[in-house]
2 protein chains.
Amino acid sequence: MSLTHTGVTAGPAELDPCGQPEHPDCGIRDLLDRVGDTWSVFVIVELANGPRRFGELQRAIDGISQRMLTLTVRRLERDGLVTRTVYATVPAQVDYRLTETGASLTHLVKALADWSLAHREVIADARSAYDAQHPDNVMRRGQSSS
Amino acid sequence: MSLTHTGVTAGPAELDPCGQPEHPDCGIRDLLDRVGDTWSVFVIVELANGPRRFGELQRAIDGISQRMLTLTVRRLERDGLVTRTVYATVPAQVDYRLTETGASLTHLVKALADWSLAHREVIADARSAYDAQHPDNVMRRGQSSS
DNA sequence: CTGAATCCAGGGGGATACTG
DNA sequence: CAGTATCCCCCTGGATTCAG
């Protein structure tokens, strides 16, 4: 139980599931990197609905470039989250689908999405409040700052 | 599911902060950004064990720079996940603690950590296998392939 | 002690053009 | 259709310095 926050009392500092770049026994960093990059989650979500071809993925995921779709899908494949199948048809055809491991990730993604939805307003409010109190602050990431 | 993309056709294709323009599931992009950045999760994990002062956080989170700790903590504060309390002591003292919202994120982080742990070997294997089959591939992060 | 400011390298990711 | 190859911008994040 490293992450349960039963009471906010300064304890023996038994946190730290792993973490810090030096701990080799972590692995969470990899997941965070994958889940944190711009497109992986969307690819996973799309594939959660069934196998998809390259073009289907690109059309489904608005805004993704060929390059990024390729890279994203390659990384997912390398991590064993997605399988890539090439059919020797004339106009080359490839489909991608989640592996079991990849599919198990969808639960996490779902949890993340649920959390986002549940807390989105609170967060938006917090941001507005913060921004109001810090008008000269330049923390708006990807947001309009006029 | 809350993450389904639905149509997403045409449109000016202007990228939103969320990556998925004109869609209500945008809130997830924020979470992914936060969870995906290098330090936020570690700060949250540390704070899950109780309030921490700036220096305590920095010492606890190995490798983080002052700058990044400041930025990370500011972002978390802006999102209402962390509260910052300044004590007017002589050698300035500040403590950070999770808000309720922030604390609720702890469960998610725990889930992510659990998943990482549970699948890390499978993933490591998948990577080895992939790298073995693609020796000329440049996906290995932090490595040169020339 | 807690930060802000500045400088700077590396990588992520977009746009575009070309190939099998 | 399914990529690959280039160019290039910008953001992340480290190091260092200055300040309250």
Side-chain angles (χ1 to χ4, degrees), chain A residues 20-21 29 32-43 51-77 82 84-96 134 136-143 145, chain B residues 12-17 19 21 29 32-43 51-77 82 84-96 134 136-146:
Chain A
Q20 292 70 64
R29 188 68 260 162
L32 294 180
D33 286 343
R34 194 79 321 112
V35 118
D37 72 23
T38 310
W39 304 108
S40 290
V41 165
F42 295 118
V43 170
R52 293 287 187 270
R53 297 180 46 185
F54 188 89
E56 290 176 330
L57 279 176
Q58 189 173 12
R59 278 186 297 277
I61 304 172
D62 191 56
I64 196 171
S65 62
Q66 282 191 345
R67 174 182 135 90
M68 287 320 297
L69 180 53
T70 299
L71 286 176
T72 301
V73 122
R74 283 289 182 283
R75 292 197 276 241
L76 293 174
E77 186 193 0
V82 158
R84 175 171 175 271
T85 311
V86 182
Y87 299 97
T89 60
V90 177
Q93 181 171 338
V94 181
D95 80 33
Y96 297 91
H134 305 267
D136 55 331
N137 195 310
V138 202
M139 305 205 53
R140 285 88 153 177
R141 323 192 329 137
Q143 283 279 355
S145 53
Chain B
E14 52 169 337
L15 248 56
D16 273 18
R29 189 67 259 161
L32 293 179
D33 285 344
R34 194 81 322 110
V35 120
D37 73 24
T38 311
W39 304 109
S40 291
V41 165
F42 297 122
V43 170
R52 293 286 187 272
R53 296 181 44 186
F54 189 88
E56 290 176 328
L57 279 176
Q58 190 173 12
R59 280 187 296 278
I61 304 172
D62 191 53
I64 195 172
S65 63
Q66 283 190 345
R67 174 181 138 87
M68 287 320 296
L69 180 52
T70 299
L71 286 177
T72 301
V73 122
R74 282 288 180 285
R75 293 199 273 242
L76 292 174
E77 186 195 0
V82 158
R84 175 171 175 271
T85 311
V86 182
Y87 298 98
T89 60
V90 179
Q93 182 171 336
V94 181
D95 81 34
Y96 297 90
H134 305 266
D136 56 332
N137 195 308
V138 203
M139 306 213 53
R140 326 165 87 110
R141 323 186 324 144
Q143 302 252 353
S144 61
S145 58
S146 69

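In what follows, chains carry the letters A, B, and so on, assigned in the order in which the sequence lines appear, proteins first and then strands, with residues in each chain numbered from 1.
Looking at heavy atoms from C-beta onward, B:Asp95 lies in side-chain contact with B:Tyr87 at the 4.5 angstrom threshold.
The side chain of A:Arg75 contributes an N or O atom lying less than 4.0 Å from OP1 or OP2 of C:dG13. Look at A:Tyr96 and you won't find any side-chain N or O under 4.0 angstrom from OP1 or OP2 of D:dC1. Side-chain nitrogen and oxygen atoms of A:Thr70 include none within less than 4.0 Å of the OP1 or OP2 phosphate oxygen of D:dG3. Note on B:Arg53: a side-chain N or O is less than 4.0 Å away from OP1 or OP2 of C:dT2.
If you measure from atom CD of A:Gln58 to atom P of C:dG14, you get 11 Å, rounded to the nearest angstrom. Remark: P of C:dT2 and CG of B:Leu71 are 16 Å apart, rounded to the nearest angstrom. The CG atom of A:Leu32 sits 16 Å away from the C1' atom of D:dT12 (whole-angstrom rounding). If you measure from atom CZ of A:Arg84 to atom P of D:dA2, you get 10 Å, rounded to the nearest angstrom. Rounded to a whole Å, the CZ atom of B:Arg74 is 7 Å from the C1' atom of C:dG3. Summarising the geometry, the separation between CG on B:Leu57 and P on C:dT2 is reported as 9 Å, rounded to the nearest angstrom. If you take CE of B:Met68 and P of C:dT2, they are 18 Å apart, rounded to a whole angstrom.
Nearest to the side chain of A:Arg67, among C:dG14, D:dT4, C:dC1, sits C:dG14. Of the candidates C:dT2, D:dA2, C:dG14, C:dG14 carries the atom nearest the A:Thr38 side chain, counting heavy atoms from C-beta on.
Between the CE atom in A:Met68 and the CZ atom in A:Arg75 there is a gap of 5.0 Å [rounded to 0.5 Å]. Atom CZ of residue A:Phe42 and atom CZ of residue B:Arg29 lie 5.0 Å apart, to the nearest 0.5 angstrom. The CG atom of A:Leu76 lies 7.5 Å from the CG atom of A:Asp37; values are rounded to the nearest 0.5 Å.
Judged by closest nucleotide on DNA chain D, B:Thr72 is the one of B:Thr72 and B:Gln66 placed further toward the 5' end.
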